[in-house]
Structure formats: C-alpha cells, structure tokens
Enquirer: 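Dropping the structure in here first, questions after.
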Amino acid sequence: QVQLVESGGGLVQAGGSLRLSCAASGRAISTSTMGWFRQAPGKEREFVAGMSWSSDASQYADFVEGRFTIARDNAKNPLYLQMESLKSEDTAVYYCAARHSIMVVRTFDDYDYWGQGTQVPVAS
C-alpha cells in the first residue's frame with residue numbers, strides 16, 4: 001500500500017504561483033511513477049504531470065505550456081508541483097497519484113493510489 005497526502009492548495013490570483021506537495025509513505029516509492037491530476041467542476045479528471053521515481057523522466061500535459069514543474073526531494077520523499085502564471089482555467093482539485101511501474105502514463109485508470117486532493121481556486 002502507498003499512502004499519499006497532498007498539501008499546498010489555496011486561493012491564488014491569476015498570474016500568481018503556488019506549490020503543491022505530496023507526501024508519500026508505504027510500499028517502496030523507488031519503483032513507482034508518481035503524477036499530478038486535476039479535476040475541475042463538471043469535467044473529467046485529467047493528467048497534469050508525471051515523473052518516474054527511478055529515472056526522473058517526466059511528462060507534462062500540453063496545457064501546462066511550461067508553467068508547471070514536477071519535482072521530487074529524495075531526502076524528504078515528497079513530490080512537488082510548482083505552478084507559475086496560473087490562469088482561471090487552472091481552477092480544480094489537484095490530486096497526487098502513484099503507480100507501481102517506472103513508466104509515466106497519462107490515464108488515471110492506470111494509477112493505483114490516490115491522495116484526497118487539494119483545492120486550487122484561481123481568481124481572475
């Protein structure tokens with residue numbers, strides 16, 4: 001089992017920045033891929049970014065357009081999502097997810113573990 005806990009969400013103005021964190025514990029993270037998804041009201045959950053824990057290989061959704069960075073801290077074992085130049089359309093609940101594979105994928109059905117989510121409202 002892997003337990004994931006997100007933090008760092010909150011109201012931010014358009015154009016602002018925010019850093020989300022995901023604390024992971026439990027079964028070995030070193031052989032996992034971790035990712036960030038988001039779900040806006042009335043929309044499906046969508047992939048934002050993902051990173052292979054063993055290789056640091058990362059992927060981003062097209063809408064990120066260089067504004068977000070996924071990163072990890074080996075010492076503290078959290079996963080981060082640094083978000084810059086936020087737009088109102090980035091408003092969503094952001095979820096941390098993990099899967100027991102070294103390959104980053106973008107389909108939420110392929111992830112085995114999920115956090116509870118953290119709200120990110122972006123005011124225009």
Enquirer: Against the six-membered ring of Phe37, is Arg45 placed for a cation-pi contact (under 6.0 Å from the centre, within 45° of the normal)?
Expert: no
Enquirer: I need the minimum non-hydrogen distance between Leu4 and Ala24, along with the two atoms involved.
Expert: CD2-CB, 3.7 Å
Enquirer: Does the side chain of Gln39 come within less than 4.5 Å of Phe108's, by heavy atoms?
Expert: no
Enquirer: For Arg99 and Tyr111, run side-chain hydrogen bond (donor to acceptor under 3.5 Å, both in side chains): C-alpha distance rounded to whole Å, both residues' side-chain angles, the deciding distance at 0.1 Å, then the answer.
Expert: CA-CA 5 Å; Arg99 64 190 297 262; Tyr111 284 77; 5.5 Å; no
Enquirer: Just verifying a value: how many Å separate Phe68 CZ and Leu18 CG, rounded to the nearest 0.5 Å?
Expert: 9.5 Å
Enquirer: Determine, stepwise, if the pair Arg38 / Phe63 fulfils side-chain contact (heavy atoms from CB on, under 4.5 Å).
Expert: CA-CA 12 Å; Arg38 70 184 188 183; Phe63 63 76; 3.2 Å; yes
Enquirer: Is the closest side-chain heavy-atom distance between Tyr94 and Met83 below 4.5 Å?
Expert: yes
Enquirer: Which distance, rounded to the nearest 0.5 Å, do you find between the CD of Gln59 and the CZ of Phe47?
Expert: 5.5 Å
Enquirer: Do the side chain of Arg106 and the main chain of Tyr60 share a donor and acceptor less than 3.5 angstrom apart?
Expert: yes
Enquirer: Should Leu20 and Val104 be regarded as members of a common hydrophobic cluster, given that ILVMFWY residues are connected when their side-chain heavy atoms come within less than 4.5 Å of each other, either directly or indirectly?
Expert: no
Enquirer: Can you find a pair of side-chain heavy atoms, one from Met34 and one from Ile70, that are under 4.5 Å apart?
Expert: no
Enquirer: Looking at Glu6 and Gln116, would you say the former's side chain and the latter's main chain have a donor-acceptor pair under 3.5 Å?
Expert: yes
Enquirer: Of all heavy-atom pairs between Ala71 and Met51, which one has the smallest distance, and what is that distance?
Expert: CA-CE, 4.0 Å
Enquirer: Would you confirm whether Thr107, through its side chain, and Asp109, through its main-chain N or O, come within 3.5 Å as a donor-acceptor pair?
Expert: no
Enquirer: What heavy-atom pair brings Val48 and Val64 nearest, and what distance separates the two atoms?
Expert: O-CG2, 3.7 Å
Enquirer: Sort out for me which residue in Thr118, Leu81, Leu79 forms a side-chain contact (heavy atoms from CB on, under 4.5 Å) with Cys96.
Expert: Leu79
Enquirer: What pair of heavy atoms forms the shortest contact from Ile102 to Thr33, and how long is it?
Expert: C-OG1, 3.2 Å
Enquirer: Which heavy-atom pair separates Val120 from Gly9 by the least distance, and what is that distance?
Expert: CG2-CA, 4.2 Å
Enquirer: Same hydrophobic cluster for Val105 and Trp114, using side-chain heavy-atom links shorter than 4.5 Å among ILVMFWY?
Expert: yes
Enquirer: What closest approach, in Å, do Arg67 and Ser85 show between heavy atoms, and which atom pair accounts for it?
Expert: NH1-O, 3.1 Å
Enquirer: Quick one: does Thr69's side chain have a donor or acceptor within less than 3.5 Å of a partner on Gln82's backbone?
Expert: no
Enquirer: Does Glu44, at its CD atom, have more than 12 non-hydrogen atoms belonging to other residues, nucleotides or ligands within less than 6.0 Å?
Expert: no
